[in-house]
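The structure presented is a predicted model; accordingly, all values stated were derived computationally and were not measured. Starting from 1, each residue takes its place in the sequence as its number.
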Amino acid sequence: MVYSSSIRSGIGAIKSCFDELKLRTQDDCFNEHGAHSAKNDAPLVLVACSGGRDSLALVALSVIVCASRGLRCGVVIVDHHIQPNSTEVAKDAAKRCLQAGVEENHIYLESVHVKDLGEGEESAAREARYQAIIDVATRNHAAVVLLAHTANDQAETVLMGLKDSAGLEAVAGMKSVTYRKNVCFARPLIELTRENTTKICEDLGIKWWDDPTNGDTTSQNLELAENYPLRSRIRHTLMPYISRFLQANMVTLLSRGAKFAQDDLDYINTQVDEAASKVTFIDETEHSVILEAQKLAKYHPSIRRRVIARALTALCLRFSSSHVQAIDELCTNWHGQKPFALPKYYEALRRAHNIVIRLCKDSEHANCRYTR
């Protein structure tokens, strides 16, 4: 089959991702012409599929590349039961994957029920989705899970990050390879645009589903109402506006900038690893983290803030730059400040030469009120 330039660019992106992950050709026979089947114990590549254009393009490309290397290809489809027709959408996505060449026994249709614990339905759905995918990947010993995030998603993530943070992490966006609970996640299409994935689906004759919460993509001048998710409003309203205002392709600029920022962040994090190991003590039984203030104060502010952010992350707290700054003040500008509140009834305080981040002893205390 002669592939279009869009399909070839997508295949190249998948191959580069597999090379980075050392998912190489399993046998010399796969370098020869003819049809060859992957062995039952060959590495399993799972693709997270929603039925949208991006994920279906990723499924089709992954099938092609996996077949050329002797890898098994599977998909995970999560039905959140949030929208009225979610089950039909999930089943239709499974059919599309089957048509793309995924074997039926490698199509995993997972049903989850989203529990909003105060972080918002969108966030709760994302966590439920990741957990379902992790369960399937762990159960089947998958080598990697592929996510269909594109350059558009990366640019949108950067803008969303700037809403809550002014640091390098915000402009660095999403990493191409990450780990969650010992499961490897990769984003091979992170440098391709949504236009690319649309063209790939069109060239392969793949029909996709458009999530209605993304808004009407046929109308370019209508601002989405506030009841739509933030990402959808950024995608449909804000990104096109900024691009027109600056007369520039902001998707390309923001996604490329994220890649450079991520390289810088990777280097900085190697320095943070060393610093955190010297100043951080995690007490899992007391649900607390202790930071040695005097040692921490000697580090560059960039390192200090990231050590503090890691401490908050270790306690599974959602935090803002103001929380990090306030804790940094306990380190570098200590003048007897009182304990102050953090999310989920945690507090931060200075005790002698240590900064303590802990669960409040008395959650009814005024200082322990939940704050965002």
D79 bridged to K91 by N-O distance under 4.0 Å: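 Salt bridge absent between D79 and K91.
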message: Whether K278 and E274 form a salt bridge (side-chain N of Lys/Arg under 4.0 Å from carboxylate O of Asp/Glu) is what I want to check.
response: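 Looking at E274 and K278, the cut-off is met.
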Between [X] and [Y], is any pair of side-chain heavy atoms under 4.5 Å apart?
X: Q26; Y: P43; result: yes
X: I282; Y: V289; result: yes
X: P343; Y: H323; result: yes
X: W208; Y: D54; result: no
X: R306; Y: E169; result: yes
X: L265; Y: Q262; result: yes
X: H81; Y: V112; result: no
X: L58; Y: I14; result: yes

Determine whether more than 12 heavy atoms belonging to other residues, nucleotides or ligands lie under 6.0 Å from atom [atom1] of [X].
X: Q337; atom1: CD; answer: yes
X: D19; atom1: CG; answer: yes
X: E191; atom1: CD; answer: no
X: N182; atom1: CG; answer: no
X: E284; atom1: CD; answer: no

message: One pair to check against side-chain hydrogen bond (donor to acceptor under 3.5 Å, both in side chains): Q154 and K259. What are the steps and the verdict?
response: CA-CA 10 Å; Q154 182 72 296; K259 187 177 187 305; over 6 Å; no
Between [X] (side chain only) and [Y] (backbone N and O only), is there a donor and an acceptor less than 3.5 Å apart?
X: T237; Y: L224; answer: yes
X: R129; Y: H80; answer: no
X: R233; Y: R235; answer: no
X: R350; Y: L330; answer: yes

message: Checking side-chain polar atoms at under 3.5 Å, does S4 have a donor or acceptor matched by the opposite partner on S6?
response: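 S4 vs S6: no donor-acceptor pair found between side chains.
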- prompt: Would T198 and R194 count as a side-chain hydrogen bond (donor to acceptor under 3.5 Å, both in side chains) if you check the C-alpha gap in whole Å, the side-chain angles of each, and the deciding distance to 0.1 Å?
  reply: CA-CA 6 Å; T198 300; R194 193 163 293 120; over 6 Å; no
task: Using the side-chain hydrogen bond (donor to acceptor under 3.5 Å, both in side chains) rule, take Q131 and D135 through it: C-alpha gap first, then chi angles, then the decisive distance, then the call.
output: CA-CA 6 Å; Q131 188 56 56; D135 290 343; 2.9 Å; yes
Within 45° cone and under 6.0 Å: R180 NZ/CZ vs Y130 ring: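 Checked: cation-pi criterion met.
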Salt bridge (Lys or Arg N to Asp or Glu O under 4.0 Å) pairs, two or more places apart, involving residues 287-304: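 Found E292-K295, R304-D328.
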Salt bridge (Lys or Arg N to Asp or Glu O under 4.0 Å) pairs, two or more places apart, involving residues 94-103: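 Residue pairs with at least one partner in residues 94-103: D92-R96.
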task: Decide yes or no on salt bridge (charged side-chain N to carboxylate O under 4.0 Å, His left out) for R310 and D273, but give the supporting numbers first.
output: CA-CA 10 Å; R310 285 195 185 184; D273 290 340; 2.6 Å; yes
